[in-house]
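In what follows, chains carry the letters A, B, and so on, assigned in the order in which the sequence lines appear, proteins first and then strands, with residues in each chain numbered from 1.
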Amino acid sequence: MPELPEVETTRRGIAPHLTGRTVRAVVVRQRRLRWPVPEALDATLPGQRIDRVDRRAKYLLLGTRAGHAILHLGMSGSLCLVTPGTPPGPHDHIDLFLDSGSVLRLTDPRRFGCLLWTTGDPMCHPLLRGLGPEPLSDAVDGDYLYHRSRGRRAAIKPFIMDGRIVVGIGNIYASESLYRSGIHPGRAAGQVSRGRYRVLAAAIKAVLEEAIALGGTTLRDFTGGDGRPGYFRQALQVYGRAREACRRCDGPVAQKVIGQRATFYCPRCQR
DNA sequence: CCCGATTCCTGTAGGC
DNA sequence: TGCCTACAGGAATCGG
């Protein structure tokens with residue numbers, strides 16, 4: 001599932017192939033994604049040059065003079081570059097034909113992703129407005145998380161997965177960063193000390209940076225746009241390791257639903 | 001405001 | 001072996 005490291009890996013994979021290229025044609029085979037693909041997209045994008053490829057949270061932004069394409073990979077989406085004439089599979093929903101002769105193809109079996117079009121400041125778009133700070137920015141530190149968590153009785157895991165608090169942390173990296181911090185994922189967010197939030201903030205940054213460096217986590221078929229899988233899976237300490245041995249204390253890794261999501265942790269190492 | 005439940009979708013895992 | 005069902009999950013939205 002694409003979280004911040006996978007989206008950033010995708011961005012780095014496709015940006016060199018898109019930046020400065022002009023879109024020649026857009027083919028939409030399936031308009032029904034998380035939200036309908038607007039017809040303004042295929043009406044406006046052809047003829048536009050992609051000036052930049054940016055990431056905000058888990059969104060990719062393709063910037064042109066006329067506006068921005070806003071792309072989200074949902075949980076099963078991926079992008080790849082193919083040659084024209086490559087027959088589309090059943091889940092290959094959208095093709096962007098580029099003047100380079102290459103085709104950017106969006107694949108998304110579960111269709112939780114989206115591709116939207118917006119004019120004006122993309123950060124003011126309803127989906128982007130109100131998002132919390134980037135976890136790798138200086139805005140996110142122990143003090144910030146501590147202050148935002150005061151008075152909250154919900155568990156710390158859904159707290160750090162809340163995009164209004166901090167963006168980009170999904171189910172995998174939430175479990176991993178809490179494990180590294182020694183914090184029990186079910187602990188009430190408002191009852192965690194400032195010192196422990198400092199440890200957690202550092203752990204979040206470290207986990208995300210390591211995952212980006214390894215090209216993300218490939219659980220099933222994620223590839224970074226260049227067809228290569230991510231190699232962070234082998235670095236996972238608890239995610240997907242229920243009943244296996246904790247690498248620190250050798251006790252069994254636990255799995256429990258917290259915040260409506262499967263959560264992995266070590267009951268002995270995380271308090 | 002805060003928080004939990006619900007919703008979209010389909011491949012896959014697990015049970016029988 | 002094969003069929004069928006339950007489950008997984010990002011994040012918006014709704015209900016309490």
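Sequence neighbours left out, the pairs with a member in residues 256-265 of chain A that pass side chain to side chain donor-acceptor pair (under 3.5 Å) are A/K157-A/T263. The ring-ring contact (aromatic ring centres under 6.0 Å, His included) contacts involving residues 106-134 of chain A comprise nothing, where partners must be two or more places apart or lie in separate chains. Applying the ring-ring contact (aromatic ring centres under 6.0 Å, His included) rule to pairs touching residues 29-63 of chain A yields A/Y59-A/H72, sequence neighbours excluded. Residues in residues 200-210 of chain A take part in these side chain to side chain donor-acceptor pair (under 3.5 Å) pairs, two or more places apart or across chains: A/R180-A/E210.
With rounding to the nearest 0.5 angstrom, the CG atom of A/L178 is 13.5 Å from the CD atom of A/Q237.
For A/P133, the side chain to side chain contact (heavy atoms under 4.5 Å, CB included) partners at least two apart in sequence or on another chain are A/S137, A/A139, A/V140, A/Y144. Annotation: side chain to side chain contact (heavy atoms under 4.5 Å, CB included) contacts of A/A155 (sequence neighbours excluded): A/P158, A/I258. Scored by the side chain to side chain contact (heavy atoms under 4.5 Å, CB included) test, A/V27 finds A/R29, A/D95, A/F97 as partners (sequence neighbours excluded). Here A/Q191 pairs with A/A188 under the side chain to side chain contact (heavy atoms under 4.5 Å, CB included) rule; sequence neighbours left out.
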Output a table of donor-acceptor pairs, distance under 3.5 Å, between side-chain atoms of residues 45-58 of chain A and any protein atom two or more places apart or on a different chain; print 'none' if there are none.
| from | atom 1 | to | atom 2 | distance (Å) |
| --- | --- | --- | --- | --- |
| A/Q48 | OE1 | A/A66 | N | 3.3 |
| A/R49 | NE | A/D51 | OD1 | 2.8 |
| A/R49 | NH2 | A/D51 | OD1 | 2.9 |
| A/R52 | NE | A/D54 | OD2 | 2.7 |
| A/R52 | NH2 | A/D54 | OD1 | 3.2 |
| A/R55 | NE | A/E8 | OE1 | 2.8 |
| A/R55 | NH1 | A/A57 | O | 2.9 |
| A/R55 | NH1 | A/E134 | OE1 | 2.9 |
| A/R55 | NH2 | A/E134 | OE1 | 3.4 |
| A/R56 | NH1 | A/G132 | O | 3.2 |
| A/R56 | NH1 | A/E134 | OE2 | 3.0 |
| A/R56 | NH2 | A/L131 | O | 3.3 |
| A/R56 | NH2 | A/G132 | O | 2.8 |

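The shortest distance between side-chain heavy atoms of A/V103 and A/L96 does not fall below 4.5 Å.
Here A/Y239 does not reach the OP1 or OP2 of C/dA8: none of its side-chain N or O atoms lies under 4.0 Å away. For the OP1/OP2 pair of B/dG4 and a distance below 4.0 Å, the side-chain nitrogens and oxygens of A/Q260 include no atom meeting the criterion. Within the 4.0 Å cut-off from OP1 or OP2 of B/dC8, not a single side-chain nitrogen or oxygen of A/R111 is found.
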Reading 5' to 3' through nucleotides 10-16 of chain C, protein heavy-atom contacts under 4.0 Å coded B for base, S for sugar-phosphate only, - for none
BBS----
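Rounded to whole angstrom, the span from the CG atom of A/L33 across to the P atom of B/dT10 amounts to 11 Å. Put simply, CD1 on A/I165 is 12 Å from C1' on B/dC3, counting in whole angstrom units. Atom CZ in A/F264 sits roughly 12 Å away from atom C1' in C/dG9 (whole-Å rounding). Rounded to an integer number of Å, the gap from NZ of A/K157 to P of B/dG4 is 13 Å. Atom CD in A/Q255 sits about 14 Å away from atom P in B/dA13, given to the nearest Å.
Where A/A155 and A/P90 each meet DNA chain B at their nearest nucleotide, the meeting point lying more 5' is that of A/A155. Residue order along DNA chain B, read from the 5' end via each residue's closest nucleotide, puts A/R150 first among A/H91 and A/R150.
Among B/dC2, B/dG11, C/dG9, the nucleotide with an atom closest to any side-chain atom of A/R152 is B/dC2. Among the nucleotides C/dG9, B/dC3, B/dT10, the one closest to the side chain of A/A262 is C/dG9.
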Please list, pair by pair, any protein nitrogen or oxygen found under 3.5 Å from a nitrogen or oxygen in nucleotides 3-7 of chain C.
none

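Residues A/R11 and A/L60 come closest through the heavy atom pair CB-CD2, 3.6 Å.
Taking a pair as Watson-Crick or G-U wobble with both distances under 3.5 Å, the runs of three or more consecutive pairs in DNA chain C are B:2-16 with C:2-16.
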